Amino acid sequence: MAKILFINPVVREEDVPRHIPYGIALLAAIAMKEGHLVQIYDANAHRLPLETIIEVCQADEWDAICIGGLTTTYNYIKKSCKLIKESAPNAQLIAGGGFLTSMPHEIFEWIPEIDVGCIGESFVTFPEVLKKIDNKDFNYSDVLGVIHRDLTGKSFLTNIRPNIKDLDTLPWPAWHLFPLDIYFANSSNLFSEESFTSKRRMDINGSFGCGLTCKYCWHLGTTGDMLVEENDNGENDVVFTYGRNIRYHSADYIVSMVKHLYEEYNIDFAAFIDENLMTMDVASKGTWLKELCKKWIEAGLQPTCRQQGIPHDENCKGVHWNGTSHAGLHRPETLKLMYEAGCTHLVYGLESFDPTVLRNLGKGSNARKNKQSIATCLASGIKPIPNIIIGFPEESFESVRNTIEALVELGITAKPHFATAYPGSEWYYAYKDSIMEQYDQDLEAYIMDLGDASKITATISHEFSPMQLLGLQQIVYLKDLRLLDLSEQHWAPVQEKLAPVIQPKMSFNLKTVKEAGPLAS
């Protein structure tokens, strides 16, 4: 059996640690089920100096040290890998997650310390890699779904690993390996009264993927969207498509897991981190959420405030929950059942209220549905939490005006995020040349700059500069149509002169959007 160390990188340094890393917790559980010895250093929870990694790596004779996360953790991961290899040169350094899957060859070039990486879904790939390490066999060429190096350091990507069919075969995450007291201390958030008063919140994942094709979003191999094909250099590389293989846990799996968390850790809130609950419900022909709510109540998880029809207070027992929704896919009868079962709020990716923006976004919604969704959700008792974005490729004063007018009409106050081309998304491939220009042809500098879209990195707006987008963000937040009108009057005389200077160049790779069927195993 191998001695394995997982390192959870720091996420959102500007915020407190809020989310136990579900993927790492799952892989840790899988590794332990295979008989391996597992420890976790949760850098995100502890927020100690980076150099602490040296002590952790020297604390034992590790056979494998594993690190991974989204692209937004790249900065920390890059610095960590150098320290890991210096401190534990005999351990195999394994990487995984979205930061690697979205651009495996580039990451292997930028972080030469990585020995092997798991691409896409790793539930089967990771234990096979560990078996190799256990046998001191570091030739990974016969393992599906990995990127590895030859003796010269050149990177090679093996063929794709099919996704597993039945998510219920997965063990529950190894929550006990994490400093839960730190995460529990940061349970509260402002999305609803119940979530604000939460003392012991934990994340759960009921499904993988989403049936939508939003141009700003990435899925990175979790929904049958990823292929491995030869690139222009004749090397295997990842290609992302519109292929979809929607999978979700059974209601029994989810409810039994939450029941365990309630009894073992006394949780009072479960946050679904699924991409979109409503697309899963559609995939199940409207049965999944109804069954989930029914069994949630039958298991005794329904909060007493909902059971008795009384206001929520500190004496409430049971487990409240939240998730994500879609303006065109929710149904009043389903929302009513969700409220009764304890759902407190749903995050709606409304993004915009402009017809042109929404039509081109691939979201499958429109301004009318966006507006109706707020009233429909509120009527059920569940609070809708809207997400707004500005800086779309076709953003204009008119599109911003349409969004502000809708926010005023609906009584919504929201500070918008900026449209951001994350690796693995359609926008990334469409605007890669422009991104390179904005970062002096240094792609890694762009990756290091990426955050949670609350700041501007590379702009993809055809009309607005970064300075203007920063101003528009504040104008939308204030819902100030007067300032918007004044800004447009000032901009109009120089718009024709400046537009060619700031308009990004298009370099869309049609491979990324070709139709592809599900890649189920």
Side-chain angles (χ1 to χ4, degrees), residues 1-13 17 20-21 23-70 72-97 99-100 107-118 122 125-140 146-149 151 153 155 173-183 448:
M1 63 184 68
K3 287 184 179 180
I4 306 164
L5 171 66
F6 284 91
I7 296 178
N8 180 35
V10 175
V11 181
R12 295 182 178 177
E13 296 182 20
I20 300 168
I24 290 178
L26 261 179
L27 292 176
I30 290 171
M32 289 190 295
K33 189 177 179 181
E34 295 286 322
H36 301 291
L37 302 176
V38 175
Q39 289 289 335
I40 291 177
Y41 170 54
D42 193 341
N44 186 52
H46 295 296
R47 301 293 174 96
L48 298 172
L50 177 67
E51 291 72 25
T52 305
I53 286 178
I54 298 173
E55 299 176 44
V56 175
C57 291
Q58 293 176 345
D60 207 333
E61 293 295 326
W62 308 107
D63 296 298
I65 299 177
C66 312
I67 192 167
L70 296 175
T72 51
T73 62
Y74 177 75
N75 261 323
Y76 189 92
I77 290 175
K78 181 180 176 67
K79 295 173 185 176
S80 299
C81 287
K82 181 175 178 58
L83 295 179
I84 291 168
K85 212 58 179 175
E86 290 175 351
S87 307
N90 296 325
Q92 286 286 284
L93 179 50
I94 307 174
F99 94 100
L100 177 68
I107 296 298
F108 257 50
E109 177 185 349
W110 297 335
I111 310 181
E113 295 84 5
I114 299 175
D115 294 302
V116 60
C118 297
S122 301
T125 304
F126 183 61
E128 288 193 10
V129 169
L130 293 182
K131 188 178 297 184
K132 285 271 192 179
I133 293 173
D134 215 13
N135 294 328
K136 307 299 181 186
D137 176 8
F138 305 135
N139 178 9
Y140 304 103
V146 301
I147 183 168
H148 62 104
R149 303 180 190 277
L151 294 177
S155 59
W175 299 288
H176 65 284
L177 297 179
F178 294 85
L180 298 182
D181 56 329
I182 295 177
Y183 289 105
M448 296 183 76

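Keep in mind it's a predicted model, so treat the numbers as computed, not measured.
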Distance from [X] atom [atom1] to [Y] atom [atom2], nearest 0.5 Å?
{"X": "L5", "Y": "I7", "atom1": "CG", "atom2": "CD1", "answer": "5.0 Å"}
{"X": "C66", "Y": "L130", "atom1": "SG", "atom2": "CG", "answer": "6.5 Å"}
{"X": "L70", "Y": "R12", "atom1": "CG", "atom2": "CZ", "answer": "9.0 Å"}
{"X": "K85", "Y": "Q92", "atom1": "NZ", "atom2": "CD", "answer": "5.5 Å"}

Quick check: closest heavy atoms across [X] and [Y], and the distance to 0.1 Å?
{"X": "Y183", "Y": "P17", "result": "CD2-O, 3.8 Å"}
{"X": "T73", "Y": "P9", "result": "CB-CG, 4.0 Å"}
{"X": "A2", "Y": "D134", "result": "N-OD1, 3.5 Å"}

Tell me every residue that passes side chain to side chain donor-acceptor pair (under 3.5 Å) with [X], counting only those two or more places apart in sequence or in another chain.
{"X": "N90", "answer": "none"}
{"X": "N135", "answer": "none"}
{"X": "K132", "answer": "D137, D142"}
{"X": "K82", "answer": "E86"}

Is it true that atom CZ of R149 has more than 12 heavy atoms of other residues, nucleotides or ligands lying nearer than 6.0 Å?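 Above 12, so yes.
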Q39 atom CD: more than 12 heavy-atom contacts under 6.0 Å: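 No.
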Quick one, I53 with S87, criterion side-chain contact (heavy atoms from CB on, under 4.5 Å). Give me CA distance, side-chain angles, the key distance, then yes/no. CA-CA 8 Å; I53 286 178; S87 307; 5.7 Å; no
Listed once per pair and sorted, the salt bridge (charged side-chain N to carboxylate O under 4.0 Å, His left out) pairs that draw on residues 49-66, sequence neighbours left out: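 Qualifying pairs: K3-D60, D63-K136.
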May I have all residue pairs that pass salt bridge (charged side-chain N to carboxylate O under 4.0 Å, His left out) and include part of residues 25-49, sequence neighbours excluded?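 As it turns out, there is no salt bridge (charged side-chain N to carboxylate O under 4.0 Å, His left out) pair with a partner in residues 25-49 once direct neighbours are skipped.
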Just to verify, what does [X] make a side chain to side chain contact (heavy atoms under 4.5 Å, CB included) with, not counting sequence neighbours?
{"X": "E128", "answer": "V124, V143, R161"}
{"X": "N75", "answer": "M448"}
{"X": "V116", "answer": "I94, V129, Y140, V146, H148"}
{"X": "I30", "answer": "L27, F123, P127, L170, P171"}

When you look at F6 and L177, which way does the side-chain contact (heavy atoms from CB on, under 4.5 Å) test go after all the steps? CA-CA 10 Å; F6 284 91; L177 297 179; over 6 Å; no
Answer whether the closest heavy-atom distance between the side chains of N44 and P21 falls below 4.5 Å.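 A side-chain contact is absent here, since even the closest heavy-atom pair is not under 4.5 Å.
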Between W110 and Y74, how do the two ring planes meet: parallel, tilted or perpendicular, split at 30° and 60°?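 The arrangement is perpendicular - the two ring planes meet at more than 60°.
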Is it true that a side-chain atom of W62 and a backbone atom of V56 form a donor plus acceptor pair closer than 3.5 Å?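 Yes, the answer is positive, given that a donor and an acceptor are paired below the 3.5 Å cut-off.
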What residues form a ring-ring contact (aromatic ring centres under 6.0 Å, His included) with F99, not counting sequence neighbours?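 If we apply the ring-ring contact (aromatic ring centres under 6.0 Å, His included) test to F99, skipping adjacent residues, there are no hits.
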Set of ring-ring contact (aromatic ring centres under 6.0 Å, His included) partners for F108, sequence neighbours left out: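 Partners of F108 by the ring-ring contact (aromatic ring centres under 6.0 Å, His included) criterion come out as none, since no residue qualifies.
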Among I147, I77, I114, find the residue that satisfies the side-chain contact (heavy atoms from CB on, under 4.5 Å) test when tested with I107.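 The option that passes is I114.
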Under the criterion side-chain contact (heavy atoms from CB on, under 4.5 Å), I'd like the reasoning laid out for Y41 against L48: C-alpha separation, chi angles, the key distance, then a yes or no. CA-CA 11 Å; Y41 170 54; L48 298 172; 3.8 Å; yes
How far apart are the C-alpha atoms of Y76 and V11, what are their side-chain angles, what is the distance that settles it, and do they pass the side-chain contact (heavy atoms from CB on, under 4.5 Å) test? CA-CA 9 Å; Y76 189 92; V11 181; over 6 Å; no
